[in-house]
Amino acid sequence: MSEPSLGKQFTNGLWAENPVLVMLIGMCPTLAITNSVANALTMGAATTFVLICSNVVISLLRKQLQPHLRMLVYMLIIATFVTIADYALQAYLFEMSQALGPYVPLIIVNCIILARAEICASKSGPVRSFVDGVGMGLGFTFALTILGVIRELLGMRTVLSYQVLPEAFVPWVIMILPSGAFLTLGLVIGLVTWLKTRKPADSRQNKDLEAAA
Amino acid sequence: MTAELIFIFLTAAIINNFVFKYFLGICPFLGVSRRVDMAVGMGFAVTFVMTVAGVLTWIVYDLVLTRIGLEFLQYITFILIIAGAVQLVEMYIRKFFPSLYESFGIFLPMITTNCAILGACLFIQKFEYGFVQTLVFSIGAGLGFALAITIMAGIREELDFADVPKPFRGPGITLLTAAILAMAFSGFLIKR
């Protein structure tokens with residue numbers, strides 16, 4: 001099997017193998033911090049930073065790693081970059097870092113990063129790993145933002161704190177509560193699965209219509 | 001003192017349930033909740049690792065790292081301790097419950113990347129618990145996770161017989177079920 005082109009590697013993370021919506025990994029931050037769009041974007045940016053850095057470093061070290069110790073080394077590399085991201089957030093975006101609370105250090109155990117280290121970075125060169133990290137990171141941010149927009153819009157009438165829906169709309173408080181997170185993610189995943197599996201059925205239907213005509 | 005401990009236990013287990021309030025440990029919650037017996041096993045494995053890791057990280061952070069001013073190594077030390085504790089549990093289960101070990105498969109070593117464990121360790125630092133409180137909190141949080149995953153497995157065994165629309169089969173319907181369960185659990189919140 002030949003390696004996919006770099007462009008394909010990039011778009012892979014955005015849609016075809018979107019970590020949250022298709023691969024169903026990295027659920028904890030997805031559910032926990034999507035109650036507002038600003039939180040979702042910050043979380044996405046922090047995770048993308050850690051993902052890119054750890055992917056590149058692991059890719060550079062891949063020939064030195066012993067198979068049985070590699071997981072431990074991955075965890076240590078990831079934990080180092082998460083510490084950097086956490087301290088940077090505390091220094092420059094203190095309120096945001098308070099709002100995200102323990103979910104910033106929890107990036108360490110985000111399965112996306114470990115999965116990409118194992119699937120991509122441990123087998124390919126630094127450039128490909130970098131592109132993969134950017135694609136996967138943006139795909140993750142994309143999924144978080146969709147959920148954030150839906151939940152903030154219906155739960156607080158706002159997007160990024162700008163009021164969008166009129167006063168007459170009664171906010172659905174459930175959407176910013178934990179239960180709304182499960183509800184939104186379940187519906188979005190159902191929608192994505194439907195979009196992905198719909199095509200063949202559609203073309204068959206069209207053929208039936210043509211035959212009937 | 002006893003009343004405070006009971007309060008910490010109940011808060012960790014039910015009111016601030018790790019799955020339904022903090023969304024920690026969602027991966028095993030979705031992955032290992034197909035059969036009740038496996039869910040119970042997973043729940044107790046997580047409780048055990050959580051207790052060991054919570055107590056060990058408390059000892060290392062409060063008695064070693066803060067004394068020598070290396071707090072910034074917190075995350076790295078925590079993840080090393082958790083990985084060690086998981087190895088310990090893995091060896092124990094493989095030796096004494098080989099059939100359970102077989103059915104866990106990949107999910108046992110993945111407890112290392114279970115955010116519930118690291119989450120518990122971080123919460124213990126945040127709330128500045130003492131030693132006994134740490135012990136009670138970790139057991140409570142672990143049992144809360146076991147409760148959540150067992151309820152879910154019970155429902156999913158019944159769901160196998162339901163006629164679910166195709167795109168929602170698997171994760172979709174599981175998340176929607178979890179939404180209703182979370183709604184029920186939010187009923188435990190104390191009104192101000």
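Just so you know, these numbers use all the heavy atoms, side chains as well, and skip hydrogens, waters and symmetry mates. Naming: A, B, ... by sequence-line order, numbering from 1 per chain.
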Examine whether an atom of Y22(B) lies under 4.5 Å from a heavy atom of chain A, and if so say whether it belongs to the side chain, the backbone or both; otherwise answer neither.
both
Considering only heavy atoms, which portion of L30(B) lies under 4.5 Å from any heavy atom of chain A: side chain, backbone, both, or neither?
side chain
Between A184(B), G170(B), C115(B), G172(B), the one whose heavy-atom pairs under 4.5 Å with chain A are most numerous:
C115(B)
Could you tell me whether the side chain of T83(A) reaches within less than 4.5 Å of the side chain of L73(B), counting heavy atoms only?
no
Heavy-atom pairs under 4.5 Å with chain B - which of A32(A), G186(A), S179(A), A79(A) has more of them than the others?
S179(A)
Which region of L114(A), side chain (C-beta onward) or backbone (N, CA, C, O), has a non-hydrogen atom less than 4.5 Å from a non-hydrogen atom of chain B, or is it both or neither?
side chain
d(F182(A) CZ, I180(B) CD1) to nearest 0.5 Å is 12.0 Å
Structural part of I78(A) lying under 4.5 Å from a heavy atom of chain B:
neither
Tell me, for I76(B) versus chain A, whether the close heavy atoms (under 4.5 Å) come from the side chain, the backbone, both or neither.
both
Residues in residues 86-109 of chain A near chain B [non-hydrogen atoms, under 4.5 Å]:
D86(A), Y87(A), P102(A), Y103(A), P105(A), L106(A), I108(A), V109(A)
Could you tell me which residues satisfy side chain to side chain contact (heavy atoms under 4.5 Å, CB included) with L181(B), sequence neighbours excluded, listed by chain and number?
F20(B), I151(B), M152(B), I155(B)
Among residues 132-144 of chain A, those lying within the under-4.5 Å heavy-atom range of chain B are none
Quick check on L118(B) against chain A: is it the side chain, the backbone, both or neither that has a heavy atom closer than 4.5 Å?
both
Considering only heavy atoms from C-beta outward, does the side chain of L187(A) approach that of F168(B) to under 4.5 Å?
yes
Of the listed residues (P171(B), A83(B), S186(B)), which shares the most heavy-atom pairs with chain A below a 4.5 Å separation?
P171(B)
Does some side-chain heavy atom of K166(B) sit less than 4.5 Å from a side-chain heavy atom of T197(A)?
no
With sequence neighbours left out, what residues match F48(B) under ring-ring contact (aromatic ring centres under 6.0 Å, His included)?
none
Check whether more than 12 heavy atoms from other residues, nucleotides or ligands sit under 6.0 Å from atom CZ of R34(B), and answer yes or no.
no
Between I189(A), L185(A), V82(A), the one whose heavy-atom pairs under 4.5 Å with chain B are most numerous:
L185(A)
Atom CG in L183(A), atom CE in M183(B): separation rounded to 0.5 Å?
6.0 Å
Applying a strict 4.5 Å limit to non-hydrogen atoms, the region of L177(A) in contact with chain B is neither
Do other residues, nucleotides or ligands put more than 12 heavy atoms under 6.0 Å from F49(A) CZ?
yes
Exactly one candidate in V19(B), I26(B), L24(B) meets side-chain contact (heavy atoms from CB on, under 4.5 Å) with L31(A); the answer is I26(B)
Report which part of T80(A) has an atom under 4.5 Å of a heavy atom belonging to chain B: side chain, backbone, both, or neither.
both
Do C111(A) and C27(B) make a side-chain contact, defined as non-hydrogen atoms from C-beta onward lying under 4.5 Å apart?
yes
